[in-house]
Asker: 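Below are the structure tokens for one structure; questions will follow.
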Amino acid sequence: MNPDRPIVGITQKAFLPLLPQDLTQINTNANKTILDRAMQAIVSPDPASVDQFIEEAKGVWEKAGGTKVDEFYASWYQEHKADAIMLKDIYEMGKQLSTVE
């Protein structure tokens with residue numbers, strides 16, 4: 001991992017709690033639809049399709065119930081922020097490991 005090429009998100013998936021089954025289904029279904037539409041936007045010759053995709057993705061996420069997933073993670077973060085492993089922590093661990101080697 002290199003902070004010059006940061007990964008997207010607040011941490012790696014391995015450091016997040018597992019979603020309950022109902023939220024896993026929402027997350028999986030919404031993300032599949034969003035990724036399918038992203039591919040369409042990427043190959044489209046119309047530059048406006050990217051902006052259109054962003055708005056559609058937000059709508060898909062909200063319509064699928066994605067805000068429940070957002071709320072779950074926000075609540076988890078509020079309860080665990082003191083001991084959660086975030087990206088800044090991962091990058092710091094990487095720095096420490098590189099100085100040891």
Side-chain angles (χ1 to χ4, degrees):
M1 295 192 44
N2 183 341
D4 295 332
R5 295 184 314 246
I7 63 172
V8 176
I10 60 169
T11 190
Q12 288 186 323
K13 188 175 182 177
F15 299 117
L16 290 172
L18 293 176
L19 290 168
Q21 187 174 358
D22 60 327
L23 297 183
T24 297
Q25 186 172 3
I26 289 170
N27 193 48
T28 300
N29 293 342
N31 280 326
K32 181 181 180 339
T33 302
I34 291 168
L35 286 174
D36 290 345
R37 292 188 182 179
M39 293 300 169
Q40 292 170 352
I42 290 168
V43 299
S44 173
D46 180 8
S49 67
V50 174
D51 293 330
Q52 181 181 355
F53 158 73
I54 292 169
E55 289 307 310
E56 286 179 6
K58 290 177 185 177
V60 166
W61 183 250
E62 289 173 10
K63 185 176 179 184
T67 53
K68 293 176 188 174
V69 175
D70 295 337
E71 290 166 0
F72 174 86
Y73 283 128
S75 174
W76 171 83
Y77 178 73
Q78 286 304 314
E79 293 174 23
H80 298 91
K81 63 184 169 186
D83 58 355
I85 299 173
M86 309 309 286
L87 280 180
K88 64 179 178 52
D89 303 317
I90 296 169
Y91 291 134
E92 183 60 33
M93 287 185 273
K95 253 198 279 188
Q96 291 174 6
L97 285 174
S98 67
T99 60
V100 171
E101 296 173 351

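The first residue in the sequence is number 1, and the count goes up from there.
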Asker: Could you tell me the separation between the CD1 atom of Ile34 and the CG atom of Asn29, rounded to the nearest 0.5 Å?
Answerer: 11.0 Å
Asker: Considering only residues two or more places apart or on different chains, which pairs with a residue in residues 49-86 satisfy ring pair (Phe, Tyr, Trp, His ring centres under 6.0 Å)?
Answerer: Trp76-His80
Asker: Taking only residues two or more places apart in sequence, or in another chain, which ones meet Gln21 in a side chain to side chain donor-acceptor pair (under 3.5 Å)?
Answerer: none
Asker: Does anything in residues 85-94 pair up under salt bridge (charged side-chain N to carboxylate O under 4.0 Å, His left out), and if so which pairs, sequence neighbours excluded?
Answerer: Glu92-Lys95
Asker: Could you give all pairs that pass the salt bridge (charged side-chain N to carboxylate O under 4.0 Å, His left out) test and reach residues 20-36, with sequence neighbours left out?
Answerer: Lys32-Asp36
Asker: Are more than 12 heavy atoms from other residues, nucleotides or ligands located less than 6.0 Å from atom CE of Met93?
Answerer: yes
Asker: Would you check if Leu87 and Ile90 make a side-chain contact, meaning some heavy-atom pair closer than 4.5 Å?
Answerer: yes
Asker: Can you sort out the partners of Lys13 under side chain to side chain donor-acceptor pair (under 3.5 Å), two or more places apart, ordered by chain and number?
Answerer: none
Asker: Roughly how far, to the nearest 0.5 Å, is the CD atom of Gln25 from the CG atom of Leu23?
Answerer: 10.0 Å
Asker: Starting from Leu35, can I reach Ile26 by hopping between I/L/V/M/F/W/Y residues whose side chains sit under 4.5 Å apart?
Answerer: no
Asker: List in chain and number order the residues that pass side-chain contact (heavy atoms from CB on, under 4.5 Å) with Ser44, two or more places apart in sequence or in another chain; answer none if no residue qualifies.
Answerer: Asp46, Ser49
Asker: Would you list the pairs meeting salt bridge (charged side-chain N to carboxylate O under 4.0 Å, His left out) in which at least one residue belongs to residues 57-71, sequence neighbours left out?
Answerer: Glu55-Lys58
Asker: Residues in side chain to side chain donor-acceptor pair (under 3.5 Å) with Gln52, at least two apart?
Answerer: Glu56
Asker: Listed by chain and number, what are the side chain to side chain donor-acceptor pair (under 3.5 Å) partners of Asp83, not counting sequence neighbours?
Answerer: none
Asker: What distance do Ile85 atom CD1 and Leu16 atom CG have between them, rounded to the nearest 0.5 Å?
Answerer: 10.5 Å
